[in-house]
Protein chains: 2
Amino acid sequence: MESISIGLLGLGTVGSGVVKIVENHQDKLTHQIGCPVKVRKALVQELEKERDLKLGREVLTTDPAEVLNDPEIDIIVEVMGGIEATKEHLLSALKQRKHVVTANKDLMALHGPELLKTASENGCDLFYEASVAGGIPILRSLVDGLSSDRITKMMGIVNGTTNFILTKMTKEGSNFEEVLKEAQDLGYAEADPTADVGGLDAARKMAILSTLGFSMNVDLADVKVKGITGVTGEDIQYAEQFDYAMKLIGYAHRDGEKVEVSVEPTLLQKEHPLASVNDEYNAVYVYGEAVGETMFYGPGAGSLPTATAVVSDMVGIMKNMRLGVNGKSAVHPQFTKKLKESSEIKSKHFLRLHVRDEVGVLSKLTSIFASHGVGFEKILQNPLAAEGAAEIVVVTHQASLDHFEDILMELKDEETVHSIESTYRVEGGGKA
Amino acid sequence: MESISIGLLGLGTVGSGVVKIVENHQDKLTHQIGCPVKVRKALVQELEKERDLKLGREVLTTDPAEVLNDPEIDIIVEVMGGIEATKEHLLSALKQRKHVVTANKDLMALHGPELLKTASENGCDLFYEASVAGGIPILRSLVDGLSSDRITKMMGIVNGTTNFILTKMTKEGSNFEEVLKEAQDLGYAEADPTADVGGLDAARKMAILSTLGFSMNVDLADVKVKGITGVTGEDIQYAEQFDYAMKLIGYAHRDGEKVEVSVEPTLLQKEHPLASVNDEYNAVYVYGEAVGETMFYGPGAGSLPTATAVVSDMVGIMKNMRLGVNGKSAVHPQFTKKLKESSEIKSKHFLRLHVRDEVGVLSKLTSIFASHGVGFEKILQNPLAAEGAAEIVVVTHQASLDHFEDILMELKDEETVHSIESTYRVEGGGKA
């Protein structure tokens with residue numbers, strides 16, 4: 001091969017990073033692949049926009065077909081985002097036997113199996129390392145580095161925006177709305193932050209991670225999602241007092257044949273490796289039967305970090321091209337998906353509630369827990385400013401989700417309980 | 001292929017782990033490779049030893065030739081250790097076109113290039129993920145996951161024994177000898193701990209990491225080594241007081257075309273990701289021009305963790321066998337090695353010394369530093385129990401190693417200086 005030609009769909013944050021890395025690291029790429037790499041076409045929305053890139057004007061186009069149908073292009077790099085139209089673009093590219101690299105978690109979480117099948121049928125590679133945890137090579141680590149092991153648990157801080165917000169709330173004692181505003185000003189949160197703070201972005205990544213880590217097709221709809229909009233300063237203060245860190249954790253657990261996948265604000269014991277992952281950083285903790293505890297840490301977003309993952313995928317494809325083995329490294333799920341029932345989902349729980357401050361209330365509450373067989377690890381009562389009211393904070397021992405939900409129902413009906421202020425999953429003690 | 005046959009050289013801690021993983025995860029291996037994997041022969045020292053393994057008696061042999069020359073064996077897995085004889089075994093295996101997996105850092109640090117060349121010439125794979133940081137897939141991450149990036153810095157806690165010892169010394173205030181004894185009793189340190197506590201083991205791993213990360217042949221002899229035997233409780237106390245963690249850090253830095261590689265006890269700023277890697281755990285921090293800061297964390301030793309890396313390498317080879325592309329993924333160094341001069345090696349330095357407690361001493365000392373253009377970040381003086389003596393502790397600003405060494409020479413000649421108690425590199429502030 002004289003050179004390998006890339007077609008970019010999208011030239012925004014990540015796309016610009018790809019162009020820069022291809023240019024700045026051309027010597028390393030050429031050394032590894034044996035020929036130069038060229039960006040031949042790039043789909044953009046505006047031709048005339050000012051760009052700090054060394055790309056000829058003739059490379060840019062506003063017509064997807066000019067990229068997708070260019071016979072000289074070997075690899076399509078999709079960094080434009082979007083779902084339905086983007087999916088059609090990639091299917092069209094694959095059917096023309098062009099390899100694909102995508103950074104699109106939304107797309108892969110929803111249509112991954114179909115796209116991967118089409119790639120396989122057409123002898124093409126479809127790589128998507130950048131779709132989860134930006135620059136951290138976590139998908140390769142699951143598929144190659146830990147290929148001999150059986151992974152039983154993954155916990156991820158896979159959304160930088162929410163980690164930035166929770167870190168700030170913890171360090172500065174500020175409230176959610178304030179910090180969100182600051183994150184938006186700094187560019188760590190988007191103008192519409194719903195997908196981030198609502199947990200959807202993390203859920204998409206956990207669907208992708210679980211599919212690979214557990215070797216079964218886990219869909220986005222299988223992921224139980226709760227965002228961080230309800231996290232209060234009080235909750236974080238109690239977390240600190242109890243020696244926990246408040247983190248938005250993507251939790252994926254396998255127990256025999258069954259799995260659970262969720263994203264929720266979680267109180268994590270301080271000694272857990274994820275507890276010290278702060279600011280906008282991401283990390284994925286992986287527990288394997290044989291290897292034990294591992295963690296992969298790095299930048300979860302950003303132009304150059306994400307582009308590193310994209311271009312490393314390109315290198316993988318180009319090495320396969322040289323060897324003539326494209327389309328043969330796809331991973332086919334080994335298992336049929338089986339989800340845990342709520343009676344099989346077990347964790348410790350944090351619960352904060354406001355009650356009437358009178359004799360016998362605590363005894364009434366604790367008897368509700370006892371009747372469901374749930375014991376306490378920690379319990380704390382504080383008077384509230386309001387006359388005759390108190391705040392009770394509880395961390396339970398390990399309990400199944402259905403028992404905990406039954407307890408919440410009974411507490412809601414209990415007249416001495418004014419309100420259930422918050423509940424959180426508690427993790428980080430046990431290992432598997 | 002009906003099945004793939006493995007020949008084990010060694011059936012100790014790691015070898016037993018390999019046998020267990022091949023047995024327990026046979027379904028996953030078969031799913032990935034398309035055929036079963038069998039351990040056909042295993043070289044042992046004693047045939048009659050009690051072993052908790054499901055291996056037929058006919059598999060064991062005390063004759064290396066029975067493993068190396070068995071025509072049915074596809075992959076030789078070397079987990080016996082040793083250097084010269086082991087090297088001959090592996091050269092013989094490669095020349096018979098058998099692929100090799102080795103966990104042998106001593107061998108790879110000394111004879112890696114020769115072995116890799118022989119593998120390449122014979123169309124064989126030679127993989128050695130387990131030689132560095134046990135179960136952490138760090139070599140693959142450098143070669144594949146970060147293939148598009150230019151790595152400028154690696155810092156590793158790559159020896160579990162010394163990390164265990166330093167963590168204990170820090171948490172319990174105990175001294176080196178006590179903790180070493182405890183580590184030996186717990187099996188975290190060997191009866192002869194010299195290679196671990198002297199830093200040689202870590203140096204071998206840093207030679208391997210630098211060779212891959214910087215794409216140049218870095219030899220063991222290029223690594224400057226200082227062990228932890230001189231680390232005292234006083235040093236650790238000052239470290240804590242200054243908000244540093246005392247760690248044995250393998251440090252590899254590239255500046256333009258030149259590199260430095262060292263292993264030495266280092267004061268690491270507490271906010272650095274490596275500072276919270278404790279006990280027997282390992283981690284490798286990698287800084288890439290584009291990706292920024294990443295870290296790979298996990299168990300650095302142990303039977304099953306290390307065996308995970310070995311068997312994952314086996315899976316890599318077996319996938320290549322299926323595709324017919326063995327011997328084609330070797331990485332050839334892109335650059336000729338160039339080592340930094342001591343005038344080009346820069347860091348902050350910690351220095352603790354005992355001086356005569358009289359007027360003008362501090363002024364004399366500080367003028368020595370000033371005459372070499374080295375300033376202070378921190379300086380602390382404490383009285384000593386001995387009459388008329390004081391302890392001075394200093395952290396310098398960034399200074400070149402030759403300047404710092406010149407200062408040490410002058411301090412030694414200075415009559416008001418009783419003794420230089422300790423010096424350490426200080427790291428963790430800057431990023432690249």
Side-chain angles (χ1 to χ4, degrees), chain A residues 17 20-22 24-25 27-29 31-32 129 134-138 140-141 144-150 215 273 276-278 281 283 285-286 288-299 302 304-305 307-316 319 322-325 328-329 331-332 334, chain B residues 17 20-22 24-25 27-29 31-32 129 134-138 140-141 144-150 215 271 273 276-277 281 283 285-286 288-299 302 304-305 307-316 319 322-325 328-329 331-332 334:
Chain A
K20 283 179 191 157
I21 291 180
V22 167
N24 296 339
H25 297 175
D27 67 318
K28 185 171 178 184
L29 299 177
H31 174 76
Q32 292 176 84
E129 181 65 75
I136 309 172
I138 180 63
R140 286 165 190 272
S141 294
D144 294 329
L146 301 173
S147 61
S148 64
D149 205 1
R150 187 174 290 125
S215 200
S276 42
V277 174
N278 287 323
Y281 276 90
Y285 167 95
V286 179
E289 267 181 12
V291 76
E293 298 189 279
T294 61
M295 186 176 77
F296 303 83
Y297 168 96
L304 289 173
T308 302
V310 170
V311 183
S312 295
D313 273 355
M314 284 165 40
V315 171
K319 285 180 178 171
R322 204 188 52 194
L323 298 173
V325 295
K328 294 185 174 156
S329 51
V331 184
H332 303 286
Q334 187 182 352
Chain B
K20 283 179 192 158
I21 291 180
V22 167
N24 296 339
H25 298 176
D27 67 319
K28 183 169 178 184
L29 300 177
H31 174 76
Q32 292 176 85
E129 180 64 76
I136 309 173
I138 180 64
R140 286 166 190 273
S141 294
D144 294 327
L146 301 174
S147 61
S148 63
D149 205 0
R150 188 174 290 124
S215 202
E271 65 261 39
S276 44
V277 174
Y281 276 89
Y285 168 95
V286 179
E289 267 181 11
V291 76
E293 298 191 279
T294 62
M295 185 177 77
F296 303 83
Y297 167 96
L304 289 174
T308 301
V310 170
V311 182
S312 295
D313 273 354
M314 284 165 40
V315 171
K319 285 180 178 172
R322 204 188 53 193
L323 298 174
V325 294
K328 294 185 175 156
S329 50
V331 185
H332 304 286
Q334 187 183 351

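Each chain gets a letter, A, B and so on, in the order its sequence line appears, and its residues count up from 1.
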Q: Is Lys28(B) close to chain A through its backbone or its side chain, or both, or neither, when contacts mean heavy atoms under 4.5 Å?
A: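 Both backbone and side chain of Lys28(B) come within 4.5 Å of chain A.
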Q: Looking only at heavy atoms and a cut-off of under 4.5 Å, which of Gly135(B), Pro137(B), Ala290(B), Gly302(B) has the most pairs with chain A?
A: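 Greatest number of close heavy-atom pairs with chain A: Ala290(B).
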Q: Top residue by heavy-atom pair count (under 4.5 Å) with chain A, among Ser147(B), Ser141(B), Gly134(B)?
A: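 The option with the most such pairs is Ser147(B).
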Q: Gly324(A), Gly145(A), Pro305(A), Ser148(A): which one forms the most heavy-atom pairs within less than 4.5 Å of chain B?
A: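 Looking at each option in turn, the highest pair count goes to Ser148(A).
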Q: Can the ring centroids of Tyr297(A) and Tyr297(B) be said to lie less than 6.0 angstrom from one another?
A: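 Aromatic pair excluded; centres sit 6.0 Å or further apart.
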Q: Of all of Asp313(B), Val331(B), Leu146(B), Ile136(B), which one pairs up most often with chain A through heavy atoms under 4.5 Å apart?
A: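 Answer, by heavy-atom pair count under 4.5 Å with chain A: Leu146(B).
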Q: For residues Val277(A) and Tyr281(A), report the shortest heavy-atom separation together with the two atoms involved.
A: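 That would be CG1-O, 3.8 Å.
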Q: Which answer fits Ile138(B), side chain, backbone, both or neither, if we ask what part of it has an atom under 4.5 Å from a heavy atom of chain A?
A: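 For Ile138(B), there is no contact with chain A at all, as no heavy atom is under 4.5 Å.
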Q: Of the non-hydrogen atoms in Lys328(A) and Arg322(B), which two are nearest, and what is the gap between them?
A: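 Shortest heavy-atom separation between Lys328(A) and Arg322(B) comes out as O-NH2, 3.4 Å.
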Q: Can you say whether Pro273(A) sits under 4.5 Å from chain B via the side chain, the backbone, both, or neither, judging by heavy atoms?
A: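 Contact with chain B: side chain only.
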Q: Answer whether the closest heavy-atom distance between the side chains of Met295(A) and Met295(B) falls below 4.5 Å.
A: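 Yes, side chains in contact.
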Q: Under a 4.5 Å cutoff for heavy-atom pairs, which residue among Leu323(A), Asp149(A), Ile21(A), Val310(A) has the most contacts with chain B?
A: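 Heavy-atom pair counts peak at Asp149(A).
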Q: Which value, rounded to the nearest 0.5 Å, describes the distance between Gln32(B) atom CD and Ser312(B) atom OG?
A: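 Taking CD in Gln32(B) and OG in Ser312(B), the distance rounds to 8.0 Å.
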Q: Please give me the minimum heavy-atom distance between His31(B) and His332(A), naming the atom from each residue.
A: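 That closest heavy-atom pairing would be NE2-O, 2.6 Å.
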Q: Could I get the full list of side-chain contact (heavy atoms from CB on, under 4.5 Å) partners for Arg150(B), not counting sequence neighbours?
A: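 Partners of Arg150(B) under the side-chain contact (heavy atoms from CB on, under 4.5 Å) test: His25(A), Asp27(A), Arg254(B), Glu289(B).
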Q: What residue, out of Leu29(B), Val22(B), Leu304(B), has the most heavy-atom pairs lying under 4.5 Å from chain A?
A: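 Ranked by heavy-atom pairs under 4.5 Å with chain A, first place is Leu304(B).
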Q: By a 4.5 Å heavy-atom criterion (distance strictly below it), what part of Glu129(A) contacts chain B: side chain, backbone, both, or neither?
A: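 No part of Glu129(A) comes within 4.5 Å of chain B.
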